[in-house]
Visitor: 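Structure below; questions to follow.
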Amino acid sequence: MIHITLPDKSVREFEGAVTGLDIAKSISNRLAKDVLSVSVDGQVWDLTREIDKDAAVKLNTWDDREGKETFWHSSAHLMAEAIEFYYPGTKFGIGPTVDTGFYYDIDLPNGQVLSEKDLEKIEKKMLELAREKNDIVRSEISKKDALDMFTQKNDELKLELISELEDGTITLYNQGKFTDLCRGPHLPNTEYIKAIKLTSIAGAYWRGDEHNKMLTRVYGVTFPKQKMLDEYLVMIEEAKKRDHRKIGKEMELFAFSDAVGQGLPLWLPKGTQLRMQLEDFLKRVQKKYGYEQVMTPHIGDVKLYKTSGHFQKYGKDSFQPISTPAEGEEYMLKPMNCPHHCEIYKVRPKSYKDLPIRMAEFGTVYRYEMSGELHGLTRVRGFTQDDAHIFCRPDQVKEEFQKVIDIIFIIFKALSFENYTAQISLRDPEKPEKYIGSPENWDKAESAIIEACEEKGLETTTELGEAAFYGPKLDFMIKDALGRSWQLGTVQVDYNLPERFQLEYIGADDNRHRPVMIHRAPFGSMERFVAVLIEHTAGKFPLWLTPEQVVVLPISEKYNDYAKKVSDFLNISDIRTVVDDRNEKIGRKIRDNELKRIPYLLIVGENEAQTESVSVRRQGEGDKGVMKTSEFADFVLKEIREQLSGLYN
RNA sequence: GCCGGAGUAGCUCAGGGGUAGAGCGCAUCCUUGGUAAGGAUGAGGUCACGAGUUCAAUUCUCGUCUUCGGCUCCA
């Protein structure tokens, strides 16, 4: 008798060994059709693999991550089978699943190359093979046999993988004419796969090491229903429309120029206005939280970065030192603001009563990112961090950390960022030698972060070994239009720099102590943040951020004076207005896309009887009717106030 | 940096060894008392840059730069 415990704690009894599929059938036919794999005591198994002892079982469908992974994993094998059909002798590296879909790294024989056009025929072949309904069969194999088999195939990639596996744990999966080394699990057969799209081809190093051979990586995604693929493709198209590079160009927020240089963004007037609104907002919040603004130069003596240790670690990846007329003198474009702030700290001796000191700067830094890494505003070579450094006593770390989390919450709430994740990065407990600072301080800092997050009710994931060598950290990630994760806000505890710069304060005991430094940047960088904000809002910014709040349109030239009066009047209310003094054809300009992005359109002179009034149109709502200009000002201010209300508490 | 696409008007793109093309935008004029439009005319290009092949290169070849998709990296 076998007892199977389901997630709802109910227990089903079976006469003898059962498969996941059997269990699903015993529940409902519908589930038997939908189930893709089965988790047995936490391990994901094939549906057809026999369970011969009591176990806790979860049936995975498309809605479960495990189900999707099984589906895509089998799809990768299907793709490999199709590729082997057209390119016999292809060597196969690894073929894992990713967030959406799967890829396979392959090495085509005789230096053949794959182009985008070839993907279609592979797709077709995959569908053909899928319809053959070939069973996917698992078998166990000894290490020796496995080595023999792939030696015969002359596939040194698989041989390398096998050589690292333990004998007795090696399994093969076969479908049709294709057999692959694989841990599994897989679908029972290929007919589950109904809709296939191979999305792209890219180069990738074998095992991610640039000293290794470059393989061809083929990406694809599959679905159990054609309709789901269609929806996915529509979603991708929609996402492309939100791309910040596209919107940034259309709205004239920022630009790049070959003449200026790669990865160096030019902020256009509207983009600058947007950015300044964000900066002002954060400055107000920071002021409330006891930060003081500072300013430091864009360059610094190379020695400064040698003291901080950054030169040794990152000197090669920086813009190279600038020589001066003086012999042997070298300066660097600053790659970070921290060393400058440490020097500010040292201006005069500090008492424990002075701490915490919170030093903020919108500091522009320059890093020579690899050319292939540059990407719109999200990865650039010159960018402005909304940087601040908090110098505090060890006993203040937790409280300061919580205050930083508060600030990040205020920002995310103000901009309705809900789809974020937070990750705590701690030491690797097995490798204490990797980290600087005393274990006691690390313990204190790590528990301070964990407790601070808990007390703030922040849901986090914890990664061991992901901490910086100088301290633990907390990162906030947010997804962009295409589902890629970007790191935005970051809070890092640092024991290293205070040490290197010999920072001190005099404690209540009249002894010298070392302060703890907290680095934090809620936006991360203005560039990246604006990029994510654009994609998040698809260019429809909250009213208080909109680069063009209100457009005043005189319907003909004779209303120009009045339009100017209206705009002057509204300017008093801190609302940007744009007067276009062209004639009535202006209507053509303000339409479609542009109209969509301007919250308010005021038309002056529509009704000659009411020259004291304006016709108001609200984005997405259409005609709001005729209002007195002063009424409109109140109306808009009220709306902005509503959007801003509650942001500070 | 590496692999693979791409670079033609302000924007989106078509073309192709022999005066350079479209749509939108822009300009001028006409029409339209209008919910933001119709018509006519026109201006805009070293076809990214540099070499090579050729009688002739924007087109073919090579190199450089930039950009896009990945890899790697991210203080």
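Keep in mind that this is a model prediction, so the values were computed, not measured.
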Visitor: Answer yes or no on whether A:Arg381 is positioned over the face of A:Tyr368, meaning its NZ or CZ is under 6.0 Å from the six-membered ring centre and within 45° of the axis.
Guide: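 That pair qualifies as a cation-pi contact.
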
Visitor: Taking the six-membered ring for Trp, are A:Tyr470 and A:Tyr495 closer than 6.0 Å centroid to centroid?
Guide: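 That pair fails the under 6.0 Å test.
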
Visitor: When the P atoms of B:C55 and B:C2 are considered, how many whole Å apart are they?
Guide: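 It comes out at 36 Å once rounded to the nearest Å.
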
Visitor: Could you measure between the two P atoms, the one in B:G39 and the one in B:U31, and give it in whole Å?
Guide: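 Nearest-Å result for B:G39 against B:U31 at atom P: 16 Å.
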
Visitor: With sequence neighbours left out, write down each residue that passes side chain to side chain donor-acceptor pair (under 3.5 Å) with A:Asp386, or none if nothing qualifies.
Guide: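 Testing A:Asp386 for side chain to side chain donor-acceptor pair (under 3.5 Å), a comparison that skips the adjacent residues, returns none.
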
Visitor: Starting at atom CE of A:Met251, determine the distance to atom C1' of B:G25, rounded to an integer number of angstrom.
Guide: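 In whole Å, B:G25 C1' and A:Met251 CE are 18 Å from each other.
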
Visitor: Testing the basics here: between A:Thr384 and A:Glu527, what is the closest heavy-atom pair and its distance to 0.1 Å?
Guide: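 What the structure gives for the nearest pair is N-OE1, 2.9 Å.
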
Visitor: Sequence neighbours excluded, which residues qualify as side chain to side chain donor-acceptor pair (under 3.5 Å) partners of A:Tyr305?
Guide: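 For A:Tyr305 there are no side chain to side chain donor-acceptor pair (under 3.5 Å) partners, ignoring immediate neighbours.
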
Visitor: Under 4.0 Å between a side-chain N or O of A:Tyr219 and OP1 or OP2 of B:G4?
Guide: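 No, because none of the side-chain N or O atoms of A:Tyr219 sits under 4.0 Å from OP1 or OP2 of B:G4.
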
Visitor: Just N and O in the side chain of A:Gln262: are any of them under 4.0 Å from OP1 or OP2 of B:U67?
Guide: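 The answer is yes; a side-chain N or O of A:Gln262 sits under 4.0 Å from OP1 or OP2.
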
Visitor: Output the rounded distance in Å from CE (A:Met370) to P (B:G1).
Guide: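 Computing the A:Met370:CE to B:G1:P distance gives 9 Å.
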
Visitor: Which value, in whole Å, describes the distance between the C1' atoms of nucleotides B:G18 and B:A37?
Guide: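 Straight-line distance between the two C1' atoms is 43 Å.
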
Visitor: Using atom P in both nucleotides, what's the gap between B:G44 and B:A9 to the nearest angstrom?
Guide: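 Straight-line distance between the two P atoms is 15 Å.
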
Visitor: Contact list please: residues 297-309 of chain A against RNA chain B, heavy atoms, distance less than 4.0 Å, in numerical order.
Guide: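 Heavy-atom cutoff 4.0 Å gives no residues at all.
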
Visitor: Between the base of B:C74 and the side chain of A:Arg379, is there any donor-acceptor pair under 3.5 Å?
Guide: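 Pair found.
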
Visitor: A:Tyr366 vs A:His298 aromatic rings, parallel, tilted or perpendicular, using cut-offs 30° and 60°?
Guide: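 Geometry flag for A:His298 against A:Tyr366: tilted rings.
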
Visitor: Would you say A:Thr296 and A:Lys334 are linked by a side-chain donor-acceptor pair, where the criterion is simply a distance under 3.5 Å?
Guide: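 Looking only at side-chain atoms, A:Thr296 and A:Lys334 do form a donor-acceptor pair, the distance falling under 3.5 Å.
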
Visitor: Just to verify, what does A:Arg520 make a salt bridge (Lys or Arg N to Asp or Glu O under 4.0 Å) with, not counting sequence neighbours?
Guide: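 Not a single residue meets the salt bridge (Lys or Arg N to Asp or Glu O under 4.0 Å) criterion with A:Arg520.
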
Visitor: Can you check the distance between B:U46 and B:U58, where both ends of the measurement are the C1' atom (answer in whole Å)?
Guide: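 Straight-line distance between the two C1' atoms is 10 Å.
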
Visitor: Could I get the full list of salt bridge (Lys or Arg N to Asp or Glu O under 4.0 Å) partners for A:Lys249, not counting sequence neighbours?
Guide: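 Salt bridge (Lys or Arg N to Asp or Glu O under 4.0 Å) list for A:Lys249, sorted by chain: empty.
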
Visitor: Less than 4.0 angstrom between a side-chain N/O of A:His375 and OP1 or OP2 of B:U67, yes or no?
Guide: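 For B:U67, neither OP1 nor OP2 has a side-chain N or O of A:His375 closer than 4.0 Å.
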
Visitor: Check the chi torsion on B:G44 and let me know: syn if it falls within 90° of 0, anti if not.
Guide: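 Glycosidic conformation of B:G44: syn.
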
Visitor: Extract the stems that RNA chain B is part of, considering only consecutive pairing runs of at least three Watson-Crick or G-U wobble pairs, both distances under 3.5 Å.
Guide: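 RNA chain B stems, ordered by first number: B:1-7 with B:65-71, B:10-13 with B:21-24, B:26-30 with B:38-42, B:48-52 with B:60-64.
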
Visitor: B:G69, OP1 or OP2 - any side-chain N/O from A:Arg245 closer than 4.0 Å?
Guide: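 Yes, within the criterion.
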
Visitor: Can you check the A:Phe256 CZ to B:C65 P distance for me, whole Å?
Guide: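 Between P of B:C65 and CZ of A:Phe256: 19 Å.
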
Visitor: Using a 4.0 Å heavy-atom cut-off, does A:Tyr103 contact any base of the nucleic acid, only the sugar-phosphate backbone, or nothing at all?
Guide: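 It contacts nothing in the nucleic acid.
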
Visitor: Is the closest side-chain donor-acceptor distance between A:Thr421 and A:Gln423 under 3.5 Å?
Guide: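 A:Thr421 vs A:Gln423: no donor-acceptor pair found between side chains.
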
Visitor: Within this structure, what is the CD-to-P distance between A:Glu369 and B:G1, rounded to whole angstrom?
Guide: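 So the two atoms are 13 Å apart, to the nearest Å.
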
Visitor: Determine the interplanar angle of the A:Phe223 and A:Trp72 rings, folded into 0 to 90°, and report it as parallel if under 30°, tilted if 30 to 60°, perpendicular if over 60°.
Guide: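 Geometry flag for A:Trp72 against A:Phe223: perpendicular rings.
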
Visitor: Can you check the distance between B:C11 and B:G5, where both ends of the measurement are the P atom (answer in whole Å)?
Guide: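 The answer is 25 Å between these two P atoms.
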
Visitor: According to side chain to side chain donor-acceptor pair (under 3.5 Å), who are the partners of A:His389, at least two apart in sequence or on a separate chain?
Guide: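 Testing A:His389 for side chain to side chain donor-acceptor pair (under 3.5 Å), a comparison that skips the adjacent residues, returns A:His341, A:His519.
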
Visitor: Would B:G34 be called syn or anti, given that syn covers angles within 90° of 0?
Guide: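 Nucleotide B:G34 adopts syn.
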
Visitor: Could you work out, with salt bridge (Lys or Arg N to Asp or Glu O under 4.0 Å) as the rule, every residue matching A:Lys197, not counting sequence neighbours?
Guide: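 Partners of A:Lys197 by the salt bridge (Lys or Arg N to Asp or Glu O under 4.0 Å) criterion come out as none, since no residue qualifies.
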
Visitor: Based on the glycosidic angle (syn within 90° of 0, else anti), state the conformation of B:U19.
Guide: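 Nucleotide B:U19 adopts syn.
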
Visitor: How many Å lie between CZ on A:Arg217 and C1' on B:C71, as a whole number?
Guide: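 The distance from CZ of A:Arg217 to C1' of B:C71 comes to 7 Å, rounded to the nearest Å.
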
Visitor: Taking only residues two or more places apart in sequence or in another chain, which ones pass salt bridge (Lys or Arg N to Asp or Glu O under 4.0 Å) with A:Glu123?
Guide: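 Partners of A:Glu123 by the salt bridge (Lys or Arg N to Asp or Glu O under 4.0 Å) criterion come out as none, since no residue qualifies.
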
Visitor: Could you give the distance separating B:C68 and B:U12 at their P atoms, to the nearest angstrom?
Guide: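 So the two P atoms sit 12 Å from each other.
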
Visitor: For RNA chain B, find the residues of residues 335-344 of chain A with a heavy-atom distance under 4.0 Å and give them by number; none if there aren't any.
Guide: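 Within this stretch, A:Pro335, A:Met336 sit under 4.0 Å of the strand.
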
Visitor: If the condition is side chain to side chain contact (heavy atoms under 4.5 Å, CB included), which residues does A:Ala76 pass it with, not counting sequence neighbours?
Guide: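 Applying side chain to side chain contact (heavy atoms under 4.5 Å, CB included) to A:Ala76 gives A:Phe102, A:Tyr104.
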
Visitor: For nucleotides 10-13 of chain B, give me every protein contact, N/O to N/O, under 3.5 Å, one pair per line with atom names.
Guide:
from: B:U12; atom 1: OP1; to: A:Lys249; atom 2: NZ; distance (Å): 3.3

Visitor: Could you tell me the separation between the CG atom of A:Leu198 and the P atom of B:G70, rounded to a whole number of Å?
Guide: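 It works out to 16 Å between those atoms.
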
Visitor: Grab the CG-P distance between A:Leu264 and B:U66 for me, whole Å please.
Guide: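 Taking atom P of B:U66 as the reference, CG of A:Leu264 is at 11 Å.
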
Visitor: If I take atom CD in residue A:Gln385 and atom C1' in nucleotide B:C74, what distance separates them, rounded to the nearest angstrom?
Guide: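 Rounded to whole Å, this separation is 12 Å.
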
Visitor: I want to check a possible cation-pi pair here: A:Arg427 against A:Tyr435, using under 6.0 Å from ring centre and within 45° of the ring axis as the test.
Guide: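 Not satisfied by the 6.0 Å and 45° rule.
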
Visitor: For B:G15 versus B:A20, give the span between their C1' atoms, rounded off to a whole number of Å.
Guide: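 One C1' to the other, the span is 9 Å.
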
Visitor: Nearest-nucleotide wise, let me know which of A:Gly372 and A:Gln492 is further upstream toward the 5' end of RNA chain B.
Guide: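 Result of the comparison: A:Gly372.
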
